[in-house]
Amino acid sequence: PGQNNPVAVAENTVFELMNQLEELLNDLDSNAVSKARDLKNYLEKYHHFDELENMMNSINEFDFDKASEYLSLIRNKI
């Protein structure tokens with residue numbers, strides 16, 4: 001039940017993307033860049049977070065530790 005609810009589906013997708021991104025960041029995997037972009041594109045439909053911009057900037061500079069901190073902040077806001 002609730003699987004057809006677009007908001008529930010969106011939230012599942014967001015959390016799935018966050019989990020995948022977190023793993024990539026922890027592994028210092030350069031695929032984190034495209035995964036973060038996916039997450040950003042998805043989240044921007046529903047929310048605007050300054051942390052999202054900060055996270056993207058950190059990832060683009062390959063500062064994955066900082067990016068992980070921002071990801072945690074974003075996760076706590078949702």
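All values derive from a computational prediction rather than experimental measurement.
Residues L28 and F64 come closest through the heavy atom pair CA-CD1, 3.5 Å. Residue A36 comes nearest to I59 through the heavy atom pair CB-CD1, 3.3 Å, listed as atom of the first residue, atom of the second, then distance. Minimum interatomic distance between S58 and A67 (heavy atoms only, all atoms of both residues): CB-N, 3.8 Å. The two residues L25 and A32 have their closest heavy-atom pair at CD2-CB, 3.8 Å. Across every non-hydrogen atom of L71 and L39, the tightest pair is CD1-CD2, 3.9 Å.
Pairs of residues two or more places apart, or lying in two chains, never qualify as salt bridge (Lys or Arg N to Asp or Glu O under 4.0 Å) while including a residue from residues 23-33. Every pair passing salt bridge (Lys or Arg N to Asp or Glu O under 4.0 Å) that includes a residue from residues 66-75 is listed here, sequence neighbours excluded: E22-R75, K66-E69.
With sequence neighbours excluded, no residue forms a side-chain contact (heavy atoms from CB on, under 4.5 Å) with S34. In this structure E16 satisfies the side-chain hydrogen bond (donor to acceptor under 3.5 Å, both in side chains) test with no other residue, sequence neighbours excluded. Residues satisfying the side-chain hydrogen bond (donor to acceptor under 3.5 Å, both in side chains) criterion with K45, sequence neighbours excluded, are absent altogether. Looking at residues two or more places apart in sequence or on another chain, you find a side-chain contact (heavy atoms from CB on, under 4.5 Å) between N41 and R37, E44.
How far CD1 of I74 is from NZ of K40: 10.5 Å, rounded to the nearest 0.5 Å. For the atom pair OG1 of T13 and OH of Y42, the computed distance is 3.5 Å after rounding to the nearest 0.5 Å.
Residues L24 and F15 are members of separate hydrophobic clusters, defined by side-chain heavy-atom contacts under 4.5 angstrom among Ile, Leu, Val, Met, Phe, Trp and Tyr.
At least one side-chain heavy atom of M55 sits under 4.5 Å from a side-chain heavy atom of L21.
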